[in-house]
Undergrad: 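I'd like to ask you about the structure that follows.
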Amino acid sequence: MEDKFDCIIVGGGIAGLSAAMMLARGNARFLLIERGEFCGAKNVSGGVLWGSDLARLVPNYWEEGLGFERFVNHRRLTFMDEQSAFSVDFKSRHFEETPYAGVTVLRSVFDAWLADRVQEAIDASDQAEESFMATDILVEEILQEDGRVVGIRAGEESFHSDCVIIAEGVNNLLTRQIGLEKDYVPDTYVAVGVKEVLKLDERKLMDRFQLSGRSGLTNEFVGMCSDGVEGGGFLYTNRDSISLGLVLGMRDLRDKKKTPYDVLNGFKEHPAIADMIAGAETVEYSAHVVSTGDIRGIPSEIYTDGAMIVGEAAHLLLNAGKAIQGMDYAMRSGILAAETALAAKEKQDYSSSMLSNYRTALENSYVLKDMRSFQDAVHLLHQEQMFGAIPNLICDFGRQFFTIDSEPTPKASSMMRASIKRHASYWELVKLGLKGARAI
Ligand SMILES: Cc1cc2nc3c(=O)[nH]c(=O)nc-3n(C[C@H](O)[C@H](O)[C@H](O)COP(=O)(O)OP(=O)(O)OC[C@H]3O[C@@H](n4cnc5c(N)ncnc54)[C@H](O)[C@@H]3O)c2cc1C
């Protein structure tokens with residue numbers, strides 16, 4: 001065996017495993033290092049993997065039916081005040097076609113499954129004896145010589161490669177080490193994600209959420225779910241469990257002196273949620289930092305001589321109200337970085353000018369295009385009215401509209417006027433409406 005790999009991947013999350021799959025298929029000689037006991041052991045996610053890239057990595061994955069929990073054919077967005085919930089609900093047969101538009105996943109299961117598929121690809125490659133995935137090892141240092149990345153150090157051991165793909169996730173310490181990320185990342189670029197997995201008998205779950213076969217529901221929440229803190233909530237159905245959680249602004253939590261755990265408990269007690277999780281038992285609780293999707297969080301550059309940064313290590317994530325897209329961005333960026341590494345191998349040129357093709361490919365992909373297009377929506381979501389006045393106003397209107405009380409019924413327009421008067425001003429609404437129309 002030669003003493004140098006074509007590529008070393010740091011991190012066996014979605015970005016790292018996606019890169020590994022492409023490298024194995026391209027017959028590259030690579031080493032993937034994951035600090036967890038197994039791939040997925042350290043990973044948290046609310047759990048919808050959007051888009052169709054999974055089918056690119058594992059064609060027809062739905063036939064085997066392993067790895068994912070449910071495909072999403074039912075989506076709901078709910079506005080909450082203290083006592084009420086007003087939802088926009090959409091269910092469609094179109095979402096039942098393969099490749100699915102979204103699947104719910106539990107990361108400890110999904111990442112381990114994907115790692116097994118990568119191992120199969122390694123076994124089938126020309127480098128079956130010379131490519132490896134190693135777990136339970138922490139990479140402590142990115143090795144550099146004359147300003148270019150040449151490998152990694154883990155404990156006493158050093159490994160060298162032509163190129164390193166850094167897929168270490170949002171706490172991007174190694175990315176900072178090589179100077180691509182500032183030591184100080186403003187707290188508005190990151191949020192706190194908290195999540196519980198609640199176990200519920202599969203039959204009960206299917207009846208409760210009107211699911212059939214492997215179909216599933218995603219529900220996003222805005223308003224009282226976050227107890228006045230900037231952020232929102234989510235509920236996703238798995239096979240026999242529910243993922244329930246919140247993403248909360250770090251600065252706002254601190255300023256309002258609230259803890260994520262207390263806010264989550266309050267969310268669970270909301271009448272709309274309490275009914276959905278009744279009888280379910282919490283089997284997992286986790287908390288993790290997550291990018292807010294602010295494009296200013298992306299490191300100064302996502303490549304350098306001999307290295308590329310992928311996934312959330314590069315703050316690639318979009319949360320513009322409709323969904324959290326971090327896993328699909330991790331997948332696509334891992335794929336694009338691996339394709340760039342394979343092209344660099346072909347030319348034996350791992351210079352930053354060659355690796356800049358990764359940046360170009362990402363700019364031309366939906367990842368950076370959408371992050372750029374929807375920045376206004378990302379910022380709009382963080383405005384105080386979005387988690388206070390607006391959901392309160394919508395629920396107030398809903399309460400009037402759906403009340404039938406043997407009294408003369410006002411027209412919907414006058415109900416709306418009354419709600420606006422109670423919760424906002426016309427001027428405020430016009431400004432928000434204009435911003436909203438431009439943002440989405
Ligand atoms: C509560 C919550 C809900 C979310 N919901 C969704 C959702 O519904 N849909 C969605 O698309 N996204 C969601 N996200 C975001 C999504 O989870 C991330 O964007 C995605 O996991 C990023 O993938 P990644 O591979 O870049 O990083 P990660 O998944 O974080 O993987 C990084 C890997 O690198 C390993 N690692 C780190 N440092 C080292 C080191 N020094 N040496 C060796 N290994 C190392 C870690 O152990 C880990 O396995 C959510 C996040 C949170 C917190």
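A quick note: this is a predicted structure, and the numbers were derived from the prediction, not measured. In what follows, every heavy atom counts, from backbone to side chain, and hydrogens, waters and symmetry copies are set aside. First listed ligand is number 1; within each ligand, the first listed atom is number 1.
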Undergrad: Could you tell me which atoms of ligand 1, counted from 1 in the order shown, lie closer than 4.0 angstrom to a heavy atom of A15?
TA: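 Near A15, the atoms of ligand 1 are 25 (O), 26 (O).
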Undergrad: Once you restrict to heavy atoms under 4.0 Å, what part of N171 touches ligand 1? Side chain, backbone, both or neither.
TA: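 Neither; no heavy atom under 4.0 Å.
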Undergrad: When you measure from the heavy atoms of E140 to every atom of ligand 1, does any distance fall below 4.0 Å?
TA: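 E140: no contact with ligand 1 (<4.0 Å).
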Undergrad: Which bit of Y236 is near ligand 1, meaning a heavy atom under 4.0 Å away: side chain, backbone, both or neither?
TA: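 The part of Y236 near ligand 1 is the side chain, not the backbone.
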Undergrad: Any idea which atoms of ligand 1 are less than 4.0 Å away from a heavy-atom of I14?
TA: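 Ligand 1 atoms under the 4.0 Å threshold to I14: 25 (O).
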Undergrad: Considering residues, nucleotides and ligands other than E145, do more than 12 of their heavy atoms fall under 6.0 Å from its CD?
TA: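 No, not enclosed.
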Undergrad: Residues two or more places apart in sequence or in another chain: which of them pass salt bridge (charged side-chain N to carboxylate O under 4.0 Å, His left out) with E120?
TA: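 E120 satisfies salt bridge (charged side-chain N to carboxylate O under 4.0 Å, His left out) with R117 once adjacent residues are dropped.
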Undergrad: Are there more than 12 heavy atoms of other residues, nucleotides or ligands under 6.0 Å from atom NZ of K91?
TA: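 Atom NZ in K91 is crowded, with more than 12 foreign heavy atoms closer than 6.0 Å.
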Undergrad: Would you check if there is a donor-acceptor pair between the side chains of R75 and T218 at a distance under 3.5 Å?
TA: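 Yes, R75 and T218 have a side-chain donor paired with an acceptor closer than 3.5 Å.
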Undergrad: Does either side chain, that of H379 or that of D294, offer a donor lying less than 3.5 Å from an acceptor on the other one?
TA: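 Side chains of H379 and D294: pair found under 3.5 Å.
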Undergrad: Contact between ligand 1 and V192 is defined here as a heavy atom of the residue under 4.0 Å from a ligand atom; is it met?
TA: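 Contact check V192 vs ligand 1: negative.
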Undergrad: Applying a 4.0 Å heavy-atom criterion (strictly less than), which segment of S286 is in contact with ligand 1: side chain, backbone, both, or neither?
TA: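 Neither part.
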Undergrad: Using a 4.0 Å heavy-atom cut-off, say whether L174 meets ligand 1 through its side chain, its backbone, both or neither.
TA: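 It is the side chain that gets close, since no backbone atom is under 4.0 Å.
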Undergrad: Do S215 and E96 have side-chain atoms, one donor and one acceptor, less than 3.5 Å apart?
TA: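 No, because no side-chain N or O of S215 sits under 3.5 Å from a partner of the opposite role on E96.
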Undergrad: Using heavy atoms and a threshold below 4.0 Å, how should the contact between V290 and ligand 1 be classified: side chain, backbone, both, or neither?
TA: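 Within the 4.0 Å criterion, V290 contacts ligand 1 through side-chain atoms alone.
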Undergrad: As an exercise, identify every atom of ligand 1 less than 4.0 angstrom from a heavy atom of L317.
TA: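 Counting atoms of ligand 1 from 1, those under 4.0 Å from L317 are 15 (C), 19 (O).
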Undergrad: Judged by non-hydrogen atoms, does A167 sit under 4.0 Å from ligand 1?
TA: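 Checking ligand 1 against A167, which is what was asked, there is a heavy-atom contact under 4.0 Å.
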Undergrad: Of the backbone atoms (N, CA, C, O) and the side-chain heavy atoms from C-beta on, which set of E312 has a member under 4.0 Å from an atom of ligand 1: side chain, backbone, both, or neither?
TA: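 For E312, the contact with ligand 1 is made by both the backbone and the side chain.
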Undergrad: In this structure, does ligand 1 have an atom that sits under 4.0 Å from one of the heavy atoms of L49?
TA: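 No, L49 has no heavy atom closer than 4.0 Å to ligand 1.
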